[in-house]
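To start, the structure itself, in structure tokens.
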Amino acid sequence: VHNSQDAVVLCSPKGAFVYANPSAYEFFGFQRREETVLTHLHDLVCPSDRERFETTVWPRILEGPWEGEVRFCRQDGRTQVGWLRAGVVPGDTGTPEFAYAIIRDISHLKAAEEAVRHAEEYYRTLFRTSRDAVVVTDGSERIVDVNEPAFPNMFGYLRHEVLGQPLSMLTAHETESSSASGLEAALRAERATLKWRRKDGSLFTGEATLGVLQDANAGLRGYVRVIRDVSEREGILQRLEQAYHDLKSLDELKDKFLAGISHDLRAPLVPVRAFLEKLLQGRWGPLTLRQEEFLRYCLIGVSREMILVEELLDYTRIRSGSLTLRSEKVDLQDVIRASLFLLKILAETNRLTVVVDMPVEPIPIMGDYNKLLRIFHNLFSNAVKYNRPGGHVTVRGKWEGPARFRVSVEDSGIGIPQEDLRRIFDDFYRVGDSGTVARGSGIGLAVVRELVRLHGAELDVQSTLGVGSMFAVIFPVAGQG
């Protein structure tokens, strides 16, 4: 008794302590024997159990052996749940001389049982209130449980109608593209989107998440599937896919239209510009000042239209992936001189000053002469278009080492906000001054970026709002051989 792990107490017939073993001291929280003096077992029973103990349990103990669960309160106030086995020690006359109580601490067991009960109630609540259908099957894929009301709402079956039935009764019939092994593999996937069949025979698309149920020895007990009806989502995705294909078709049609109209517009403009340039160069005799002024206006208009048409042509080629370079050795100085002719005409009309700071030696690069003209025509045109009356345009060239040459176009225009600098090369993106409508097609810089890339060159852009912008192209220089 002294060494027993159970608490052992010997009491008088009225419940007063006569003896308690060390385990009883620990169970009730006594520190020394004196604390048990005048202590009654009844006083150690928790208030919630005391009335039952005094009116029912103790009289039963005095009549003979009794056992059951009783809640006791320790000296520190903590509740201990004990399994009590008690009876009496009769005296010489046959009346009870002592009452004994053997108490086993089952507090941890009761706490674990309570935790399990709460967990079961929690998961049962989730099972019942889930908006998704939950289907539990055994190892042979026969249905052993479903949740209500989500499962009947989704499938149309009542719970008792599917218990014991194979899971296959809920899946769609196999088609030519769906073999039995393929369906089984899909059902065993952790997450799979399948066609499911309702009680009325209608089909719906459901996304199933699979969980494996195991016993204490890690053996297979069955499976649990959470099925969500995603028919509406699938419908939206199909409509989005159709809209994407429709937009793609319209985009291709737009590119074909732009390519066709660009060719039609370009054909008559080429000879008109050529004749205007020859007239202004005096090839067919001198001009009066008034005639020269009118011809310059005409050349500016035709040149702008040519730039727009060429941009459209190059843009459609870029979109179709057919833009290529006719690469040959070109003197970059020749390209810039040809482009400066247009720049100076545009600048004079807008009362701008043109400053050119270029070295005199040839700058050989590998490139397409006409595509290089396109780059500088666009940069020069923008430098004029977004400048201020009386401003200036500076074209500056300098070497960056022996194999790289930098050409920058600087203007004193309205500048570009910092938040727009990252987007100015996007298709159809235009930057306008505050309160104004942006001019141009919005594809010029997108074309410039692609042409620069095809030439193996680099673009550098710097701008300060209200001060001006600088666009620079850094070209790799060809060898002299």
Side-chain angles (χ1 to χ4, degrees), residues 300 303-304 306-308 310-311 314 330-360 363 365 367-400 404-418 420-422 424-425 429-431 433 438-477:
I300 289 171
S303 297
R304 284 177 172 168
M306 285 288 292
I307 290 173
L308 177 59
E310 291 291 345
E311 284 177 355
D314 286 340
V330 177
D331 185 357
L332 189 59
Q333 295 279 29
D334 292 340
V335 177
I336 294 174
R337 278 193 292 268
S339 299
L340 285 173
F341 178 75
L342 173 62
L343 172 61
K344 290 177 180 178
I345 293 176
L346 293 172
E348 289 176 10
T349 306
N350 291 271
R351 303 192 306 278
L352 301 176
T353 303
V354 176
V355 179
V356 180
D357 181 12
M358 294 286 295
V360 296
I363 303 160
I365 67 171
D368 186 317
Y369 183 85
N370 290 324
K371 298 297 187 290
L372 291 168
L373 283 177
R374 179 74 44 245
I375 294 173
F376 289 106
H377 280 177
N378 193 291
L379 295 180
F380 291 164
S381 177
N382 283 349
V384 173
K385 185 190 306 181
Y386 296 104
N387 218 314
R388 302 179 185 278
H392 66 268
V393 178
T394 302
V395 180
R396 199 185 312 275
K398 66 175 182 178
W399 290 91
E400 291 192 346
R404 286 159 57 92
F405 191 81
R406 176 189 182 97
V407 182
S408 60
V409 182
E410 306 166 15
D411 65 63
S412 57
I414 59 177
I416 304 170
Q418 291 299 311
D420 290 322
L421 275 177
R422 295 173 300 176
I424 57 176
F425 296 102
Y429 187 78
R430 299 182 299 171
V431 180
D433 197 4
R439 296 169 289 174
S441 63
I443 61 174
L445 288 178
V447 172
V448 167
R449 178 185 60 183
E450 185 64 17
L451 293 178
V452 168
R453 185 190 68 81
L454 289 174
H455 281 87
E458 300 174 17
L459 262 176
D460 181 24
V461 183
Q462 299 175 22
S463 185
T464 303
L465 197 62
V467 176
S469 303
M470 185 280 298
F471 287 79
V473 186
I474 303 97
F475 292 95
V477 178

Report the distance from atom [atom1] of [X] to atom [atom2] of [Y], rounding to the nearest 0.5 Å.
X: E410; Y: F471; atom1: CD; atom2: CZ; answer: 12.0 Å
X: H455; Y: I474; atom1: NE2; atom2: CD1; answer: 14.5 Å
X: L459; Y: R453; atom1: CG; atom2: CZ; answer: 12.0 Å
X: L465; Y: I414; atom1: CG; atom2: CD1; answer: 8.0 Å
X: L346; Y: F341; atom1: CG; atom2: CZ; answer: 10.5 Å

Which residues satisfy the side chain to side chain donor-acceptor pair (under 3.5 Å) test with [X], sequence neighbours excluded?
X: S463; answer: S469
X: N378; answer: E311, N382
X: S381; answer: none

Partners passing side-chain contact (heavy atoms from CB on, under 4.5 Å) against [X] (at least two apart in sequence or in another chain):
X: T464; value: V467
X: V360; value: none
X: S412; value: N387, H392

| request: Could you go through the side-chain contact (heavy atoms from CB on, under 4.5 Å) check for L379 and V407 one step at a time? | output: CA-CA 11 Å; L379 295 180; V407 182; over 6 Å; no
Which pairs of donor and acceptor atoms, one on a side chain in residues 369-377, lie under 3.5 Å apart (sequence neighbours left out)?
unit_1, atom_1, unit_2, atom_2, d
R374, NH2, E310, OE1, 3.3

State, with a plain yes or no, whether a side-chain heavy atom of [X] is found less than 4.5 Å away from one of [Y].
X: L421; Y: Q418; answer: yes
X: I336; Y: L332; answer: yes
X: I416; Y: Y386; answer: no

| query | With sequence neighbours excluded, what pairs up with D460 under the salt bridge (charged side-chain N to carboxylate O under 4.0 Å, His left out) test? | reply | R406
| query | R404: what forms a salt bridge (charged side-chain N to carboxylate O under 4.0 Å, His left out) with it, not counting sequence neighbours? | reply | E400, E458
| said: Applying salt bridge (Lys or Arg N to Asp or Glu O under 4.0 Å) as the test, list every pair that has at least one member in residues 342-352; sequence neighbours left out. | reply: R296-E348
| message | Using a 3.5 Å distance criterion without hydrogens, assess whether the side chain of Q333 forms a donor-acceptor pair with backbone atoms of P359. | response | yes
Closest heavy-atom contact between [X] and [Y]?
X: S339; Y: F380; value: CB-CE1, 3.4 Å
X: V477; Y: W399; value: CG2-CZ3, 3.6 Å
X: I365; Y: P476; value: CG2-O, 3.6 Å

| request: Decide yes or no on side-chain contact (heavy atoms from CB on, under 4.5 Å) for E450 and L454, but give the supporting numbers first. | output: CA-CA 6 Å; E450 185 64 17; L454 289 174; 4.2 Å; yes
